[in-house]
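Scroll down for the structure; my scribbles are underneath it.
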Amino acid sequence: MPRYNPSEIEPRWQAYWEENKTFATPALPSGKKRYVLDMFPYPSGDGLHVGHPEGYTATDIVSRFARLRGECVLHPMGFDAFGLPAEEHAIKTGEHPRIQTQSNIDNFTRQLKMLGFSYDWDRMVSTTDEDYFRWTQWIFLVLYDTWFDSEAQRGRAIAELPIPSEIASAGEAAIEQYRDANRLAYQDDALVNWCPALGTVLANEEVQDGKSERGGHPVKRIPLRQWMLRITSYSERLLEGLDDLNWPVGIKKLQQDWIGRSTGAEVDFYIGESAGIDRWKATRVESGFPQEAGEDALRVYTTRPDTLFGATYMVVSPEHPMIERLVTSEQGEAVREYCEQASFKSDRERTEGDRAKTGVFTGSYAVNPVNRKLIPVWVADYVLAGYGTGAIMAVPAHDDRDFEFAKQYALEVVPVVDPPADHPQRGEILAGDVCFVAQGTAINSGEFDGKQTDEVKASVTSSLAEQGQGNHAVNYKLRDWLFSRQRFWGEPFPILHEVDDAGELTGRKRAVAVEDLPVQLPELEDFKPHGRPEPPLAKADDDWLYVTIDEKRYRRETNTMPQWAGSCWYYLRYIDPKNSDAMIDPAKEKAWMPVDLYVGGAEHAVLHLLYSRFWHKVLFDRGHVSTPEPFNALINQGMILGEVEFTGYVTEDNSAVSAADVRRDAEGNLSSKTGQTVTAVVLSDDAVEKKGEGFVLQSDPQIRVDSRAHKMSKSRGNVVNPDEVVREYGADALRLYEMFMGPLEATKPWAMTGVGGVRNFLDRVWRMIVDAKSDEFKLNASLTDQPCDEDQNRMLHRTIKKVTEDTDSMSFNTAIARMMEFTNFFTRSESRPISAMKPFLILLSPYAPHLCEELWSHLGESDSIAAQTWPSWDEAALVESSIEVPIQINGKVKTKIRVAADASKETIAETALADDKVKTMLDGKTIVKQIVVPGRLVNLVVK
RNA sequence: GCUGAGGUAGGCCAACGGUGAGCCGCUUGUCUUAGGAACAAGUGCUUGCGGGUUCGACUCCCGCCCUCAGUACCA
C-alpha cells in the first residue's frame with residue numbers, strides 16, 4: 001500500500017465519482033455557466049488513440065478548474081456513430097451495423113472512463129440513437145421548410161415566400177415547384193461515383209485516382225438525383241460571423257478562403273449574327289443588364305474588368321449549356337469528343353496542378369464589348385462549370401492560366417496593364433512574352449489609358465452597366481452542400497415521393513409529419529449492394545418503402561444523410577438530451593448556449609465547423625436557438641506523432657548512403673545520387689551521433705541519417721495504445737504527460753521515457769505526503785501542522801499564482817513545470833506544513849485527479865477534492881525581502897549581488913560598485929554610462 | 001505557388017527588451033526494503049543565418065534559409 005499504485009487507486013475513484021454522481025450537471029446552471037465541449041469521436045474498432053486524450057484532458061482540466069472556481073460547468077461526451085466502416089463490416093458479415101457500432105461505443109466509453117474524465121455521462125448521446133436522429137430529421141424538415149430572403153439576409157418559413165403573379169396564375173403545381181426551387185433543402189442532379197464492378201456508389205474518400213479504393217475498379221461519374229442544402233445563401237452571414245469569434249486566425253482564414261468571396265463584374269459578350277450587333281446593343285441600352293444573358297450573349301464573370309481590352313479569346317467549361325449553340329459543324333466532333341473525355345475525369349484530376357492545359361476551338365466568335373474585336377470561343381476544362389458563369393473572358397497578358405493556354409494554342413496576347421517602371425521584366429511584359437498579374441497603369445485601353453487599375457475597374461464596370469452589357473457582381477467559391485449519400489448506415493430522409501397508379505414518381509413531395517418522426521431504418525436481409533446506383537434502402541420491403549396518406553401512395557426517399565448531419569447539432573442535444581417533445585427546451589438552450597470552449601483537431605477546420613455554423617444560423621433565423629453562432633472559442637490541439645526515429649539508407653549490396661544523397665521520386669521510391677536503389681532502415685539510438693546540424697552514423701561520420709518523428713500509423717507500427725500506457729504508468733501519468741509534452745496546439749513527438757518522467761513526478765508527490773517506506777499506510781513524518789515559514793509560504797503562493805494563470809490560459813505544460821518545482825522544493829524540506837500540501841493538491845487535482853483524491857482523503861478529508869475551492873494567492877507573500885540582481889558589464893552578465901527587494905536605484909548602484917568582483921573588472925576602465933533598473937539589474941557600460 | 005505554425009543544450013520545451021525554469025538523457029558518487037528506485041553533485045547552446053534599433057535582443061524591425069501541417073487552375 002505505501003507505494004503509489006495507480007492501478008488500484010484509479011478504478012476506485014472512478015467508481016466513487018460514478019456512484020456519487022460527482023460530475024452531474026444541473027438542468028439549468030446556477031451561477032456563472034461554462035460550456036466546455038470536445039469534438040465527439042467516431043467510435044472506430046481500433047479504440048482510442050493517444051490523440052483523443054490530448055484534447056479531452058485539456059477540456060477536462062478546464063472543466064475541473066472552472067468547477068473549483070465555483071462555475072457551473074457543462075462537460076458532455078457522445079459518439080458520432082454513423083459511418084462507412086460499420087457498414088463495410090455489415091456488408092462483409094451480414095451483421096447489423098448497429099451491433100458493431102454498439103460494441104465500439106462500449107469500448108470507447110470504457111476507455112474514456114478509464115482516463116477519469118469528468119463528463120456528465122447521463123447526457124451521453126449517439127447520433128445513431130433513434131431518440132437522437134429523430135431530431136436530426138426534424139432539423140432537416142426545418143431546412144426543407146425554409147427559404148432565404150436575400151433582401152433581409154435571413155431564412156424564413158416557406159409559407160412566407162412571395163409567389164410571383166405569373167406563377168400564382170399557373171396553378172398549384174407551379175407554385176409548389178416554385179417553392180421547391182427556393183427551399184434550403186432541394187433536389188438536383190449531381191454527379192456520383194458509380195462503380196459498376198462493385199455495383200455500388202462510392203464516397204469520395206473511397207475513390208483514388210479514378211479507381212475504387214477496394215479492388216481498384218474503374219469508377220464512373222454519373223448524374224443522380226441528389227439532395228442539396230443551399231449553404232451558399234448564407235455565404236455572407238457565415239463570413240461576417242467569423243469576426244466576433246475567438247478562433248485561431250488560421251482557422252478563420254481557412255473558412256474565409258473556403259467561402260472565397262470575390263468581387264468583380266459580369267459581362268455579356270455578343271455571339272449572335274454579326275449584322276445584328278447594333279440592334280442587340282440598342283436593346284440592351286434600353287432593357288439594362290438582364291437576369292439571363294439570353295441566346296445571343298455569352299456571360300462571363302471576371303475580377304479584372306479593367307483588363308477587358310486585353311480579352312483576346314473566351315473559354316467555356318465542357319459542361320456549359322451553350323456549347324451546342326456555339327459549336328460549328330466543322331468543330332462538332334472535336335468538341336463532343338473533348339467534352340466526353342472531360343466527363344470521365346474527376347474534379348481532382350481536372351484540377352491537378354502541373355497538368356498541361358487542353359482545349360478545343362468551338363468554331364464560334366464573340367464580340368468584345370469594349371472594342372468590337374472578334375475573339376474566338378474555346379472550350380477547355382481549366383474553366384470550371386460550377387464557378388461564376390462557367391465561362392470566362394481570357395486575358396492572357398494578365399492571367400497566368402490564360403497565358404499558359406494562349407502560349408499552348410498560339411492565341412493573341414495583348415498587354416493592357418503597364419507595370420511600374422522599375423519592374424525588372426517590364427520589357428518582356430509589354431512585348432507579351434511574360435504574364436503580369438499585379439496592378440499598374442492602363443494601356444491599349446482607349447479612353448481609360450493612363451489610369452490606375454482600381455479606377456479602371458470601377459469605370460469599365462459602370463460604363464458597361466450603363467449600356468446594359470455588364471454589372472457589378474460578387475462571387476463565392478463555396479458550393480451548395482451535396483447532402484445525400486447512397487448508404488444504409490445513415491439517417492433516412494423524412495421525405496415521401498408521390499407515386500401514380502402506374503408506380504411512377506409524379507415529382508410531388510411531402511414531408512413526413514413531425515409526429516411521425518423518427519423515420520427508422522428498414523430491416524434488411526443483408527447489406528450487400530444490389531448492383532444499381534440507387535441507395536441500399538431501395539432494397540427494403542414494400543411495408544417500409546411505401547406509405548399511403550389520404551388515399552395517395554408515396555415512396556419513401558431512399559437516400560440517407562451524410563455523416564456530417566449528426567455532428568452538426570450534437571452540442572445542442574447535450575443541453576437537453578432526454579427531451580422527447582422537442583429538439584431542446586428553449587429555456588435550457590438560452591441558459592447554456594453558446595459553447596464557451598470547443599477543442600478538437602484541425603482536420604475539421606472547414607467542413608464540420610462550417611456546416612454546424614450553417615445549421616445553427618438557420619435554426620437561429622427560425623427561432624429555435626438564441627445565439628447567432630454556436631462556438632465562441634475554438635482551440636485545435638496539435639497532432640501527436642510517433643517516437644523520433646533515426647533512418648539510415650543502404651544500397652542493395654548493403655553499403656550505407658548518406659541521407660543527403662538520397663532522392664525520392666513521385667512514387668516514393670528511393671535512389672542514390674548514382675541511381676542505385678536504396679532502402680530505408682531504422683537505426684537504434686546508440687548507432688548515431690550528433691554532428692553539426694544533423695545526425696551521422698557513429699561508425700562512419702560521413703554518412704548522414706534522417707532523424708524525424710512520423711505520423712502514427714498502423715503500417716509504420718508506431719501507434720501508441722492508451723490502454724497500455726494506463727496499464728504501465730496509470731491514467732494520471734498519461735494525462736499529465738500529454739499536457740506536459742508542449743503547448744496544446746503544437747505538433748509533438750511521443751516519447752515513452754517522458755511518460756516515465758511525469759510518473760516519477762507523481763511518485764514524488766506521493767512520497768511528499770505518504771511514508772513510502774512503511775509497510776502499513778502512514779503519512780510522511782515530515783508533515784506538520786506548523787505554519788509555513790517565509791520561504792515555504794512564498795513557494796506556495798508563487799505556485800498558486802503561476803498554476804492559476806497558466807491553467808486559465810491553457811498553458812498546461814508550464815503549470816506542470818511549476819508544480820514540479822514546488823514538489824522538488826518541499827521534498828527537500830524536512831518540514832512540510834499540511835497547510836501548504838492541501839492547496840497544492842487542489843492545484844494538481846484537475847491534472848491528476850485520482851492521485852489527488854487519494855491523498856486528499858489520506859489527509860483526513862471526507863468529501864471529494866472536486867468539491868473544494870480553488871486557492872487564491874496573497875500578493876504580499878510573493879515578494880522576497882532580499883533579491884539577487886545581476887550585474888552586467890557592457891550588456892553581459894558578469895556577477896550577481898544581493899540587495900533588499902525595495903532597494904533604491906542609488907543603493908543598488910552603490911552596492912554594485914562596492915562589490916569586489918566588480919571592482920577588479922572595472923580596474924583601469926572608465927564607466928561611460930550606468931543603467932540601474934530597481935529590482936532587475938545593473939548594467940555598466942565601460943571603456 | 002499560397003496559407004498557417006515553428007527553428008533555444010543530445011531530445012522535449014520555458015523565458016513582461018534584462019540571471020536558461022521544468023522533464024527526459026548523459027557522467028560520477030551515496031544509500032537500499034533492489035524499485036519504474038531514491039538522494040547528492042555534475043554535464044551542456046554563436047538562441048537557424050545576415051543586417052538594424054537599443055546601455056542591453058530569444059524577444060522589436062528588415063532580408064534570407066530550413067522544417068512541419070494544410071491547400072491548390074475559383075477567372
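Just so we're on the same page: letters track the sequence lines, and every chain starts at 1.
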Quiz item: Between I816(A) and R261(A), which has a closest nucleotide on RNA chain B that is more 5'?
Solution: I816(A)
Practice problem: Using a cut-off of strictly less than 4.0 Å, decide whether K711(A) has a side-chain nitrogen or oxygen near OP1 or OP2 of G70(B). | Solution: yes
Exercise. For residues Y4(A) and R759(A), determine if any side-chain heavy atom of one lies less than 4.5 Å from a side-chain heavy atom of the other.
Key: yes
Quiz item: Which one, G36(B), A75(B), G22(B), comes nearest to the side chain of M820(A)?
Solution: G22(B)
Quiz item: Starting at the 5' end of RNA chain B, which residue's closest nucleotide do you reach first, T747(A) or V938(A)?
Solution: T747(A)
Practice problem: Specify the separation, in whole Å, of atom CZ of R3(A) and atom P of U33(B). | Solution: 15 Å
Quiz item: For atom P, what is the distance between G50(B) and A57(B), given to the nearest Å?
Solution: 15 Å
Self-check item: Among C39(B), G18(B), G36(B), the one nearest V933(A) by side-chain distance
Solution: G18(B)
Practice problem: Go ahead and name the base partner of G56(B); Watson-Crick or wobble counts if both distances stay under 3.5 Å, otherwise write none. | Solution: none
Quiz item: With a 4.0 Å cut-off on heavy atoms, is P743(A) in touch with a base, just the backbone sugar-phosphate, or nothing at all?
Solution: sugar-phosphate
Self-check item: Lys/Arg-Asp/Glu bridge criterion (N-O < 4.0 Å) met for R727(A), E724(A)
Solution: no
Practice problem: Return the nucleotide paired to A40(B): Watson-Crick means purine N1 to pyrimidine N3 with N6-O4 or O6-N4, wobble means G-U with N1-O2 and O6-N3, both under 3.5 Å. | Solution: U28(B)
Practice problem: Could you please name the option among G4(B), A75(B), G35(B) that lies closest to any side-chain atom of T303(A)? | Solution: A75(B)
Quiz prompt | Nucleotide nearest N824(A) when distance is taken to its side chain, options C12(B), G18(B), G22(B) | solution = G22(B)
Practice problem: Give the rounded distance in Å between these two atoms: CZ of F740(A) and P of G11(B). | Solution: 17 Å
Quiz item: When you measure from the side chain of S262(A), which nucleotide among C73(B), A75(B), G4(B) comes out closest?
Solution: A75(B)
Quiz item: Is any side-chain N or O of T814(A) closer than 4.0 Å to OP1 or OP2 of G22(B)?
Solution: no
Quiz prompt | Student check: side-chain heavy atoms of V50(A) and M712(A) closer than 4.5 Å | solution = yes
Practice problem: Grab the CD-C1' distance between E404(A) and A75(B) for me, whole Å please. | Solution: 14 Å
Quiz prompt | Cation-pi geometry met for K357(A) and F405(A) (6.0 Å, 45°) | solution = no
Practice problem: Any strand is fair game: report the nucleotide pairing with C23(B) by Watson-Crick or G-U wobble, both distances under 3.5 Å, or none. | Solution: G11(B)
Practice problem: Give the nucleotide from the list C73(B), G22(B), G36(B) with an atom nearest to the side chain of R759(A). | Solution: G36(B)
Quiz prompt | Listed nucleotide nearest any side-chain atom of R767(A), set C55(B), G18(B), A38(B) | solution = A38(B)
Self-check item: Nearest-Å distance for atom pair NZ/C1', residues K748(A) and C12(B)
Solution: 11 Å
Self-check item: Base-pairing mate for G63(B) - Watson-Crick or G-U, with both contacts under 3.5 Å
Solution: C49(B)
Quiz item: Is the number of heavy atoms from other residues, nucleotides or ligands under 6.0 Å of K407(A) NZ greater than 12?
Solution: yes
Quiz prompt | Selection from G22(B), G4(B), C68(B) that lies nearest to any side-chain heavy atom of R708(A) | solution = C68(B)
Practice problem: Report yes if some heavy atom in the side chain of V885(A) is under 4.5 Å from a heavy atom in the side chain of V938(A); otherwise report no. | Solution: yes
Quiz item: Rounded to the nearest Å, what distance is computed from the NE2 atom of residue H398(A) to the P atom of nucleotide C73(B)?
Solution: 23 Å
Quiz item: Would D306(A) and R304(A) pass as an ion pair if we require N to O under 4.0 Å?
Solution: yes
Quiz prompt | hbond_proxy E603(A) side chain to G70(B) base (donor-acceptor, 3.5 Å cutoff) | solution = no
Quiz item: Counting just side-chain N and O atoms, does N636(A) come under 4.0 Å of either OP1 or OP2 of A5(B)?
Solution: no
Practice problem: Just call it for K477(A): base, sugar-phosphate, or nothing, with non-hydrogen atoms closer than 4.0 Å on any strand. | Solution: base
Practice problem: Could you check which of A69(B), G22(B), A40(B) has an atom nearest any side-chain atom of E821(A)? | Solution: G22(B)
Quiz item: Out of C24(B), C55(B), C73(B), which nucleotide sits closest to the side chain of N760(A)?
Solution: C24(B)
Exercise. Using atom OH of Y382(A) as one end and atom P of A75(B) as the other, report the distance to the nearest whole Å.
Key: 13 Å
Quiz item: Do Q888(A) and G56(B) share a donor-acceptor pair, side chain to base, under 3.5 Å?
Solution: no
Quiz item: Which whole-number value in Å describes the distance from M712(A) CE to C68(B) P?
Solution: 18 Å
Quiz prompt | Sugar-phosphate only, base, or nothing, as touched by E745(A) at under 4.0 Å among non-hydrogen atoms | solution = nothing
Quiz item: Any ion pair linking E821(A) and K802(A) (charged N to carboxylate O, less than 4.0 Å)?
Solution: no
Exercise. Please give the nucleotide sitting opposite G17(B) as a Watson-Crick or G-U wobble pair, both distances under 3.5 Å, or none.
Key: none
Exercise. Calculate the interatomic distance between F826(A) atom CZ and G22(B) atom P; express it in whole Å.
Key: 16 Å
Self-check item: Assigned partner base of G1(B), Watson-Crick or wobble definition, under 3.5 Å
Solution: U71(B)
